[in-house]
Trainee: 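Quick one: the structure is below, questions incoming.
The analysis underlying the following values was restricted to heavy atoms, covering all of them including side chains, and did not include hydrogens, waters or symmetry mates.
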Amino acid sequence: MGIIDKNVMLRNRGKMLLGVYEDEEKVMAAAKELTGHGIPVLDVYTPYPLHGLDRIIGIKRTNLTVIAFICGLTGFSLAALMIWYMNVHDWPMNVGNKPLIFATSWIPVMFESTVLLTAFGMAFFFFWRNRLAHGIEPELLDDRQTDDRMVVVVEAGNVNEQEVLSIYRKTGAVELRERLNGTQKVVG
Amino acid sequence: MAHHEAHHIEISKEQFVVPAKAKMFTLGAAIIGLLLTVVGVFTLPTDSSHSANSHAKPATHAGHDNHGAAAQEAHKVDPNLVVDNAGHETLFPKTTHKDPEHPKPAFTRFWANLLVNGYFFLIISLAALFFIAVNHVANAGWSAAIKRIPEAMLTFIPVALVIVLVVLFVARQDLYHWAHYEHQNIAKGAPGYDKILAGKSGFLNSNILLFGTLLFVSIYFLFGLKLRSLSKKEDEVSKGDLTNFRKSVRFSGAFTVIYGFSFSVLSWLIIMSVDAHWYSTIFGVYNFATGWVSALTIICCFVLYLRSQGYLKIVSDEHVHDLGKFMFAFSIFWTYIWLAQFLLIWYAQIPEEVAYYYDRFNDPQFKFQFFLNVIMNFVAPFLILMTRNNKRNPLVLSIAALILITGHWNDVYLMVMPGTIGSAAEVGVLEIGMFTMFCGVFAYWVLQALTRRSLIAVNHPYIEESAYHDVGP
Amino acid sequence: MNHDSIIRQPLVVGGKTPTDVTADISRPILNKPSTSWRVGFVISFIFLLLLVWTIGYTVWTGIGVWNINKSVMWGWDITNFVFWVGIGHAGTLISAILLLFRQKWRMSINRSAEAMTIFAVMCAAIFPVFHMGRVWVAYWALPLPNSFGSLWANFQSPLLWDVFAISTYFSVSLLFWYLGLIPDIATIRDKIKTKAGKFWYRVFSMGWTGSTRTWARYEVVSLILAGLSTPLVLSVHTIVSTDFATSLVPGWHTTIFPPYFVAGAIFSGFGMVLTLLIVARKVMNYENYITIGHLEAMAKVVMLTGTMVGMAYITEFFVAWYSGVEYEQYAFINRATGPYWWAYWSMMFCNLVSPQVFWFKWARTTPWFIFMISIVVNVGMWFERFVIIVTSLHRDYLPSSWVMYSASWTEIGIFLGTFGLFFTCFFLFSKFLPVINMSELKTILKNRE
């Protein structure tokens with residue numbers, strides 16, 4: 001589906017050059033160096049978020065906030081509609097002679113359903129966009145990338161492979177690899 | 001972080017000089033405001049034109065008979081009964097109408113306005129002091145770069161205190177129903193004896209009003225002066241000397257507790273007692289919220305102004321973004337407290353409590369401003385400040401700030417006016433003039449205070465942290 | 001680059017690297033459970049059985065086995081409900097509000113505090129549900145078309161607000177917790193050796209790989225969820241407070257209830273977090289992660305919120321006098337000097353007086369002492385709810401309705417049983433999931449407080 005970000009998928013890609021690191025500052029340096037040389041970085045796989053790395057490799061800020069707002073608005077309106085239908089339209093309920101349409105005592109329920117729909121709507125779109133689903137096979141490049149290793153990925157093809165590898169080497173990668181059709185080869 | 005890492009940020013002292021334009025603008029606002037106030041006072045309806053009305057019914061109703069006619073009909077029958085719009089008798093005593101024997105001179109409107117503005121700027125200056133204290137106590141780093149602004153704002157405390165005290169001293173019997181009652185000194189059982197007010201006289205009396213206010217605010221101000229002087233000393237010692245900082249933290253802790261416990265009492269004394277029969281336990285928190293969000297907004301305004309003049313070089317969009325977040329978040333907090341008070345009183349419908357909202361919500365005199373209050377202080381900032389870009393945009397922030405400050409002035413107006421001058425209240429030349437004057441004087445005063453020390457607290461232990469501050473994702 | 005001020009203490013001590021963090025935190029999951037874990041689990045499970053037994057007895061025999069009566073129609077049940085909901089609040093406070101305020105010390109404790117939130121809300125929900133009496137028609141509380149007439153749920157009722165608030169709170173907290181867990185589950189997935197483990201951790205890790213693109217969005221989502229959870233957590237206890245405050249019962253109808261209940265909830269929640277974590281850090285050897293600095297920060301929060309709660313007690317008392325309403329005045333005098341004076345003064349001592357010891361540095365940096373105070377806080381906050389509910393109800397406007405109330409063994413059994421549920425869940429959690437957020441903690445190994 002169009003919502004999934006294709007960049008998070010590694011299948012059906014050609015040759016990829018991987019630089020494996022064990023230090024976050026070296027990864028940041030490598031990303032800067034690569035983008036500085038006009039080499040696009042496909043992605044960096046890290047066990048924990050590296051702040052600012054997304055900006056270096058040119059990831060646009062997510063629009064999830066817009067989706068969150070729309071979901072919130074939906075929750076708010078749905079709750080208002082529900083209360084209006086149940087307590088005003090279908091069976092007008094007189095409680096303590098309070099006006100039938102008076103939002104004060106509707107606020108709590110409207111608020112809660114706004115929050116509920118915002119949270120779940122946004123989370124749903126987040127999972128979808130990032131191709132996260134229960135039971136899915138993870139596309140791992142290194143079995144320690146969720147532990148203490150970081151993998152910088154550059155797609156071969158339009159780039160000078162030797163230049164990429166030398167930048168990896170220069171910035172302190174512990175291992176250089178090539179990946180083609182799901183199999184990896186250590187190149188240095 | 002990313003955009004900072006590329007370069008080193010230079011942290012150096014900055015000496016602020018008030019630009020001629022700013023002087024002209026703030027003093028101009030003060031003078032124009034003063035002129036408008038004078039015009040407003042002289043065009044007040046004179047007492048004589050009201051005298052015929054005053055004898056028949058409270059002067060508080062003069063001039064606006066069209067809306068309150070039904071209520072006043074009932075008022076003649078029984079002071080505790082009013083008739084709602086549909087003509088049903090209800091049991092809502094109108095607190096403002098409790099005092100038929102006490103016609104108020106038209107000049108009372110001037111005093112009431114002075115109370116609104118004096119109190120508004122008092123709680124703002126106090127909240128500025130609280131901002132410094134709470135940042136010390138919480139070990140907050142990001143705010144170190146802007147701490148000189150609240151430090152300057154708190155110097156307005158004595159000015160506001162003097163104004164409030166003058167109002168309380170001169171005009172308390174016109175403004176406060178209970179003070180007038182105290183003055184009448186009615187014996188138990190005599191006609192006009194008010195059991196409730198008599199029961200409160202241990203707290204609601206002129207001595208506690210005047211000396212309590214003086215005492216509390218003076219203590220706060222002494223803490224303010226101490227924190228100011230420690231901060232100034234820090235500029236003069238060598239970097240890394242933490243004595244002044246550690247002392248500041250200790251004084252801040254003490255201040256936070258004292259302020260937390262006594263601010264409620266202050267707000268009960270000065271503002272809640274305006275509606276002498278009414279009570280609300282949340283009132284102090286509500287007043288705190290009003291002052292706090294206004295102070296944050298004003299701090300943001302000064303940051304924007306100083307940056308536009310090329311000062312505060314280490315303050316980046318990140319700090320502005322954070323201040324925008326604060327304005328957004330505490331507008332919601334204010335709404336929460338506002339709603340807590342309104343919802344519970346509206347829901348329970350107990351006559352002695354709901355009278356407060358009856359005067360504000362059901363009275364056409366204040367109904368528009370009542371809704372405006374929620375729109376300006378919640379809906380507008382909520383929608384305007386929701387997005388990240390808007391919180392980083394000086395122009396949008398300034399617009400939101402303007403709405404918020406005016407909105408919270410309106411908030412205080414709504415707390416004071418219905419109980420003091422009731423239907424004689426309106427937002428006219430006097431109100432606009434006096435608010436403009438106060439804004440001008442406050443801005444001028446704070447700008448002057450800013451010149452008295454470096455704009456950057458260069459030796460503050462968190463200053464580097466603040467300079468490299470980043471709001472993150 | 002790290003610009004943290006040098007006067008700050010390191011957040012994680014012992015010179016830990018990301019490798020160490022993974023190894024230390026995933027050890028209990030990868031290894032066989034320890035003896036202390038087994039013993040604790042069995043004891044908790046026995047209490048859980050007590051819960052099952054007492055609830056079964058209540059449902060089978062009828063709600064009459066509780067001692068609540070015509071005047072005190074809410075007794076231990078609602079006291080316990082508010083008690084447990086309150087305990088849940090610390091988790092959200094730590095993970096959401098402290099996230100917004102960028103208090104990085106939260107990272108060592110947010111996972112377990114959030115877990116606590118979820119288990120506490122589960123315990124809380126038991127009480128109103130079984131207080132309904134005919135629990136098999138509990139679904140009537142939902143806004144469903146009522147098959148016994150055209151009447152719908154009453155949206156003006158705070159009890160219905162509660163249904164929405166508690167269920168939203170539970171769902172959103174669960175989502176927030178799970179979202180935070182995904183990267184850590186992925187870490188376990190790539191470490192665990194057993195076949196079943198590989199399968200289940202793969203299912204729940206949702207194919208997480210740690211792509212920077214995903215991380216960037218993940219952080220935004222976390223931040224927005226935190227922004228949502230903050231008003232949510234305020235709203236939950238606010239709505240619980242409106243159960244009381246919208247009524248006309250003297251001592252209940254007071255406008256400060258919403259913020260005061262929220263402060264009390266955070267206070268009691270931190271009490272419970274301290275109780276749990278001081279034990280956990282010792283038993284699981286996490287002293288390098290949950291340092292004295294963390295305990296000190298939490299002790300400060302306890303002191304702050306305890307003082308706020310005490311401030312509210314005093315405000316209520318004063319305003320009751322100030323109001324001139326004799327019913328209000330009586331309600332408060334009766335609290336302090338009536339037949340339940342012992343509950344009132346226990347509350348005052350535990351909640352207002354005892355946290356003041358944290359003004360002294362020694363008191364807030366000595367684990368065993370903090371642990372004792374945290375127990376006192378838990379007790380005090382239970383008494384607070386008891387005082388509010390029972391002292392206001394046992395004196396009605398009609399003196400003929402004046403009664404006394406004390407719990408039956410069934411009510412006591414259910415309350416003790418919920419501790420069984422709570423701790424059973426917590427033990428399972430500490431065995432199968434990382435109790436400290438590894439991926440978040442790895443970002444601050446070089447940071448300071």
Side-chain angles (χ1 to χ4, degrees), chain B residues 1 4-5 137-142 144 195-200 202-204 240 242 245 253 256-257 260-261 264-265 268 277-286 325 329 332-333 336-337 339-341 343-345 347-350 352-353 461-469 471-473, chain C residues 1-8 100-103 156 158 215-223 227 230-231 234-235 238 241-242 245-248 252-260 262 297 300 304 307-308 310-312 314-316 318-326 328-329 359 448-449:
Chain B
M1 228 176 272
H4 283 327
E5 268 169 18
V137 174
N139 282 328
W142 72 279
K195 196 178 136 205
I196 305 268
L197 288 187
K200 293 181 188 201
F203 177 68
L204 286 190
L242 294 175
F245 175 73
T256 316
V257 175
F261 270 91
S264 276
V265 182
W268 298 334
H277 288 82
W278 180 76
Y279 55 92
S280 169
T281 37
I282 206 176
F283 200 78
V285 187
Y286 177 57
K325 279 181 174 177
I332 298 174
F333 176 74
Y336 166 63
I337 300 295
L339 184 71
Q341 179 172 294
L343 178 81
L344 292 177
I345 290 178
Y347 200 111
Q349 194 95 331
I350 298 177
E352 65 262 23
E353 278 188 352
Y462 293 138
I463 197 76
E464 274 84 13
E465 229 178 284
S466 186
Y468 289 93
H469 176 59
V471 294
Chain C
M1 197 89 87
N2 194 350
H3 297 282
D4 289 343
S5 175
I6 45 145
I7 68 164
R8 294 186 189 275
L100 294 184
F101 281 122
R102 299 198 198 89
Q103 297 289 319
Q156 309 239 16
W215 273 124
R217 296 185 193 112
Y218 178 87
E219 294 218 287
V220 174
V221 171
S222 304
L223 208 62
T230 304
L234 293 187
S235 82
T238 295
S241 81
T242 59
T246 53
S247 73
L248 302 178
W252 284 9
H253 177 70
T254 164
T255 47
I256 208 170
F257 256 33
Y260 145 53
V262 173
K300 282 182 185 166
L304 172 75
T307 312
M308 279 159 75
M311 169 78 199
I314 297 169
T315 302
E316 275 186 328
F318 174 78
V319 173
W321 168 79
Y322 175 86
S323 73
V325 180
E326 57 178 318
E328 287 288 331
Q329 291 172 345
W359 285 103
R448 290 158 168 276
E449 168 206 333

Trainee: B:Tyr347 side chain to C:Gln156 main-chain N or O, any donor-acceptor pair under 3.5 Å?
Mentor: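 Yes; judged by distance alone, with no hydrogens or angles, the pair exists.
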Trainee: In terms of heavy-atom pairs under 4.5 Å with chain B, which of C:Thr315, C:Thr246, C:Val319, C:Thr254 leads?
Mentor: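 Option with the top pair count is C:Thr246.
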Trainee: As an exercise: rank B:Val265, B:Val285, B:Leu204, B:Val257 by heavy-atom pairs under 4.5 Å with chain C and give me the winner.
Mentor: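 Top count of heavy-atom pairs under 4.5 Å with chain C: B:Leu204.
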Trainee: Identify which part of C:Ser247 has an atom lying under 4.5 Å from any heavy atom of chain B, answering side chain, backbone, both or neither.
Mentor: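 Only the backbone of C:Ser247 comes within 4.5 Å of chain B.
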Trainee: Under the 3.5 angstrom rule, does the side chain of B:Trp278 hit a backbone N or O of B:Glu353 as a donor-acceptor pair?
Mentor: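 Yes, because the side chain of B:Trp278 sits within donor-acceptor range (under 3.5 Å) of the backbone of B:Glu353.
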Trainee: Between C:Tyr260 and chain B, with a heavy-atom cut-off of 4.5 Å, which part of the residue counts as in contact: side chain, backbone, both or neither?
Mentor: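 Neither part, no heavy atoms under 4.5 Å.
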Trainee: Does any backbone or side-chain atom of C:Val221 lie under 4.5 Å from a heavy atom of chain B? Answer side chain, backbone, both or neither.
Mentor: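 The answer is neither part of C:Val221.
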Trainee: Does any backbone or side-chain atom of B:Ile332 lie under 4.5 Å from a heavy atom of chain C? Answer side chain, backbone, both or neither.
Mentor: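 For B:Ile332, there is no contact with chain C at all, as no heavy atom is under 4.5 Å.
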Trainee: Give a yes or no on whether the backbone of B:Tyr462 and the side-chain of B:Ser466 come within a donor-acceptor separation of less than 3.5 Å.
Mentor: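 No; zero donor-acceptor contacts below 3.5 Å.
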Trainee: Side chain, backbone, both or neither: which part of B:Ala140 has a heavy atom under 4.5 Å from chain C?
Mentor: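 For B:Ala140, backbone heavy atoms alone lie under 4.5 Å from chain C.
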Trainee: To the closest 0.5 Å, what do you measure between CZ (B:Phe283) and OG1 (C:Thr255)?
Mentor: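 Separation between the atoms: 10.0 Å.
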Trainee: About how many Å separate CD of B:Gln341 and OG of B:Ser280, when rounded to the nearest 0.5 Å?
Mentor: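 Reported value, rounded in 0.5 Å steps: 3.5 Å.
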Trainee: Under 3.5 Å, is there a donor-acceptor pair between the side chain of C:His253 and the main chain of C:Leu248?
Mentor: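 Checking the backbone N and O of C:Leu248 against the side chain of C:His253, no donor-acceptor pair under 3.5 Å is found.
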Trainee: What is the minimum heavy-atom distance between B:Gly141 and B:Glu465, and which atoms define it?
Mentor: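 That closest heavy-atom pairing would be CA-OE2, 3.9 Å.
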Trainee: Among C:Gly310, C:Ala297, C:Pro258, which has the most heavy-atom pairs under 4.5 Å with chain B?
Mentor: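 Going by pairs under 4.5 Å, I would pick C:Pro258.
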Trainee: Could you look at B:Ile337 and say if it's the side chain, the backbone, both or neither that has a heavy atom under 4.5 Å from chain C?
Mentor: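 Only the side chain of B:Ile337 comes within 4.5 Å of chain C.
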Trainee: To the nearest 0.5 Å, how far apart are CG in B:Asn139 and CD in C:Gln103?
Mentor: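 Answer for the CG-CD pair, B:Asn139 versus C:Gln103, is 8.0 Å.
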Trainee: Measuring heavy-atom distances to chain B, does C:Ile314 have an atom under 4.5 Å in its side chain, in its backbone, in both, or in neither?
Mentor: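 Only the side chain of C:Ile314 comes within 4.5 Å of chain B.
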Trainee: Does any backbone or side-chain atom of B:Phe245 lie under 4.5 Å from a heavy atom of chain C? Answer side chain, backbone, both or neither.
Mentor: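 Only the side chain of B:Phe245 comes within 4.5 Å of chain C.
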Trainee: Can you check side chain to side chain donor-acceptor pair (under 3.5 Å) on C:Thr238 and B:Tyr336, steps first, answer last?
Mentor: CA-CA 9 Å; C:Thr238 295; B:Tyr336 166 63; 2.5 Å; yes
Trainee: What residue, out of C:Trp359, C:Phe101, C:Trp321, C:Phe257, has the most heavy-atom pairs lying under 4.5 Å from chain B?
Mentor: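 That would be C:Trp321.
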Trainee: Sort B:Leu343 into side chain, backbone, both or neither according to what part of it lies under 4.5 angstrom from a heavy atom of chain C.
Mentor: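 Looking at B:Leu343, just its side chain touches chain C.
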